[in-house]
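This report refers to the structure that appears directly beneath it.
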There are 2 protein chains.
Amino acid sequence: MLFGVPREKSVRLSDVAAVAGVSLATASKALNGNTRISEATRERVRVAAERLDFRPDALARSFASGRSGTIGVLTHRAKNTFAQPVAMGAILQLGAQNQAALVYDGDVKESKAMSDSLRELRARRIDGLLVIGDGHEHTSPSLTHNFDVPVRYIFTASSDPNDVLYLPDNREAGRLATQHLLDTGNTRIAHLGGPQNSIAAERRLAGMTDALTAAGLEPVGPITRSDWTRVCGAASMAELLQSGAMFDAVFCGNDHIALGAMETCAAAGVRIPDDVALVGVDNWEGTVVDQDGSRQLTSVDLELMELGRLGAASMAAADHAPGEHFSTPTLAIGPSSRV
Amino acid sequence: MLFGVPREKSVRLSDVAAVAGVSLATASKALNGNTRISEATRERVRVAAERLDFRPDALARSFASGRSGTIGVLTHRAKNTFAQPVAMGAILQLGAQNQAALVYDGDVKESKAMSDSLRELRARRIDGLLVIGDGHEHTSPSLTHNFDVPVRYIFTASSDPNDVLYLPDNREAGRLATQHLLDTGNTRIAHLGGPQNSIAAERRLAGMTDALTAAGLEPVGPITRSDWTRVCGAASMAELLQSGAMFDAVFCGNDHIALGAMETCAAAGVRIPDDVALVGVDNWEGTVVDQDGSRQLTSVDLELMELGRLGAASMAAADHAPGEHFSTPTLAIGPSSRV
DNA sequence: CTGAAAGCGCTTACAG
DNA sequence: CTGAAAGCGCTTACAG
């Protein structure tokens with residue numbers, strides 16, 4: 001009984017009402033604070049509740065009010081590297097709001113299973129729905145009109161432009177990375193980009209351009225394209241070196257590309273950060289931190305847990321603005337850039 | 001309305017009863033299957049329910065039955081590298097069982113906050129409790145006696161030997177790694193161990209001994225100790241080489257140690273796996289997979305997601321055996337061992 | 001095997 | 001501002 005939680009039958013609201021000398025209805029209103037109740041009465045009820053250590057039975061309350069205290073969570077592939085922290089952040093935030101999470105993992109596009117899940121969620125009378133994808137390239141079918149409770153789309157696009165989306169701020173990530181390079185004295189900045197058709201890659205580049213433009217500059221050298229891998233990053237850097245462009249820094253589309261670039265630089269005798277400064281994106285522990293625990297790269301963190309957290313928190317707040325909302329990226333400075 | 005979920009007011013059990021021509025009570029029993037009901041009646045009710053697409057209101061059901069369909073989850077530090085997949089596995093399994101998860105993250109030892117969380121969980125009338133830690137070295141205070149619903153301890157020890165624990169099978173991990181080395185033709189196997197006082201390290205070594213003993217062998221060379229880092233792993237390997245022991249394989253306490261050992265081998269001109277085969281433990285993506293996506297190490301996977309899944313599933317099953325239960329480690333073969 | 005009735009513990013119009 | 005009463009939609013003894 002370490003935490004002293006008593007196991008006796010719990011106090012009911014009627015007990016509180018009796019002690020406070022008011023009716024059940026009044027006690028309920030006093031505690032829930034919404035209706036007009038004299039401050040004196042309210043206080044009397046509060047004191048009684050406190051003294052009896054009253055905790056309203058959540059089941060009864062839910063049944064009577066129609067609010068379940070449960071949020072439905074539809075994850076696309078919650079196990080995925082990037083989706084997992086987003087989902088975790090959301091679920092932890094729900095807990096902090098005293099909301100339970102009913103999580104169905106699956107392919108949001110398999111309409112059979114999906115349809116079943118939706119039925120179950122309605123039967124559960126969820127207070128809200130979180131649709132969590134595994135990146136901005138992923139589009140979820142809009143479920144908003146299937147529910148009369150708030151629906152949020154996190155780490156995914158949706159098929160309906162009026163939906164409320166929570167996404168990592170890739171543009172700001174690009175801006176932040178580039179601004180850091182500018183702030184540390186670089187003026188000739190190149191870019192090793194992600195895939196041509198990737199929204200994330202486009203936005204990171206757009207953010208870079210934002211920062212450069214504000215400084216009256218332009219990207220240096222060819223904007224290379226690659227999938228997000230180290231091997232391609234190495235090739236991209238080789239291409240950049242070969243182009244003959246003069247540059248003192250490179251904003252890399254992600255950390256893998258940056259690591260590939262480092263390899264090419266090492267082979268070419270280009271010193272980092274003395275000759276060329278490098279910044280990546282993702283700040284993924286396994287990628288960016290060496291096995292001895294030392295950081296090997298400056299990287300922008302998209303704050304994915306925070307992203308999930310924000311999306312979940314937005315159900316409680318009355319923030320219904322449609323469109324895109326962002327978590328704020330942060331900069332993690334390592335030895336690949338000057339200070 | 002992509003998934004065709006109707007928004008009209010839902011069918012109640014009384015509607016089903018009316019259609020089936022039975023009483024409300026009979027309809028309830030027929031659907032819930034527990035009481036003695038004639039098969040004919042049961043079928044009639046089923047058909048009616050099916051036809052009306054009846055879904056019982058979970059809130060009413062909970063209120064009437066006292067079962068919330070919600071499981072409390074107390075995580076120690078759910079963000080931690082190893083704790084996260086365990087928690088995620090558990091939560092996904094709960095969802096698959098149609099159980100919501102009310103997750104409170106915090107320090108299980110801060111009795112103030114803990115006491116609050118426990119109150120809330122009781123008020124919620126949870127059907128069970130999952131206490132999730134961040135490793136076997138972590139001990140949770142036993143909460144079992146604070147609840148009259150099942151409590152499971154996952155990825156943590158507990159202060160009460162009668163509790164039900166779900167843990168990674170470190171001993172089997174050691175056995176599996178060693179057996180793999182034996183199976184691929186090695187006979188002189190050394191060990192680079194984790195910290196002296198670590199339960200995980202002890203058990204991995206015990207498992208190694210199991211396998212060797214079964215083969216009529218003994219560990220070769222000094223059993224080195226280190227924290228789990230790459231730097232220490234490198235030092236341990238140096239110590240092993242210097243000892244003059246003749247060995248053809250090394251079971252490393254974890255992947256970091258194995259990677260450190262690889263460095264030392266490379267520097268000493270020892271070829272892997274030709275001269276020495278290496279196996280690690282953890283199979284952590286960021287550690288064991290190179291940034292180009294290629295695996296660089298043979299490693300035992302402790303199956304942490306599966307661990308969480310098993311713990312959560314055990315609430316549904318009537319498996320109340322006290323003591324330790326395990327997830328089964330698997331072997332992921334890479335280029336550091338022969339095939 | 002079946003049904004009438006009580007009851008789970010709150011919230012919420014409604015009347016005063 | 002306060003209270004009596006209905007009601008949320010099921011489940012579960014209990015009686016038949």
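We name chains A, B, ... by the order of the sequence lines, and we start the count at 1 in each one. Note that this is a predicted model, so its numbers are computed, not measured.
- For the atom pair CG of A:N80 and CD1 of A:I132, the computed distance is 12.5 Å after rounding to the nearest 0.5 Å.
- Looking at A:S159, its side chain does come within 3.5 Å of a backbone N or O of A:S142 through a donor-acceptor pair.
- We find that CG of A:L59 is positioned 16 Å from P of D:dG9, with the value rounded to whole Å.
- Proximity of B:S38 to the phosphate of C:dT2: a side-chain N or O atom is located under 4.0 Å from OP1 or OP2.
- Taking atom CD of A:E39 as the reference point, atom P of D:dC1 lies 10 Å away to the nearest angstrom.
- Here the side chain of A:N32 is nearest to one of D:dT11, C:dT11, D:dC10, namely C:dT11.
- Using a 4.0 Å cut-off, no side-chain N or O of B:S65 falls inside it from OP1 or OP2 of D:dT11.
- Residue A:T41 is in sugar-phosphate contact alone, with no base atom involved, counting any heavy-atom pair closer than 4.0 Å across all strands shown.
- Heavy-atom nearest nucleotides on DNA chain C were determined for A:R55 and for B:L24, and the one closer to the 5' end corresponds to B:L24.
- Summarising the geometry, the separation between CZ on A:R124 and P on D:dG9 is reported as 17 Å, rounded to the nearest angstrom.
- Per the geometry, CG belonging to B:L13 stands 13 Å off C1' belonging to C:dG3, to the nearest Å.
- B:A101 approaches B:V73 most closely through the heavy-atom pair CB-CG2, 4.1 Å.
- Between B:Y166 and B:H325, the ring-plane angle classifies as parallel under the 30° and 60° cut-offs.
- Between B:R61 and D:dG9 there is no side-chain N or O to OP1 or OP2 distance below 4.0 Å.
- A straight line from CG of B:L31 to C1' of D:dT12 spans 16 Å, rounded to a whole angstrom.
- Counting to the nearest Å, the P atom of C:dC8 and the CZ atom of B:R125 are 11 Å from each other.
- At the heavy-atom level, B:R67 lies under 4.0 Å from the strands shown only through sugar-phosphate atoms.
- Minimum atom distance to the side chain of B:A64 is reached by D:dC10, of the listed C:dT11, D:dC10, C:dG9.
- In this structure, the nucleotide among C:dT2, C:dC8, C:dC10 sitting nearest to the side chain of B:F63 is C:dC8.
- Checking the phosphate oxygens (OP1, OP2) of D:dT2, no side-chain nitrogen or oxygen of A:T26 falls inside 4.0 Å.
- With a 6.0 Å radius and a threshold of 12 heavy atoms from other residues, nucleotides or ligands, A:E50 has its CD atom at or below the threshold.
- Shown here for A:V86 and A:I154, the closest heavy-atom pair between the two residues is CG1-CG2, 3.6 Å.
- Between A:H138 and A:H76, the ring-plane angle classifies as tilted under the 30° and 60° cut-offs.
- Going from atom CZ of A:R12 over to atom P of C:dG7 covers 12 Å, rounded to whole Å.
- Considering only the side chain of B:K29, C:dG3 comes nearest among C:dG3, D:dA5, C:dC14.
- Looking at DNA chain D, the stems built from 3 or more consecutive Watson-Crick or G-U wobble pairs, each pair with its key distances under 3.5 Å, are C:1-3 with D:14-16, C:5-12 with D:5-12, C:14-16 with D:1-3.
- The interatomic distance linking B:D57 (CG) with C:dC8 (C1') rounds to 14 Å, in whole Å.
- Here the shortest heavy-atom pairing between A:R124 and B:L59 reads O-CD1, 3.7 Å.
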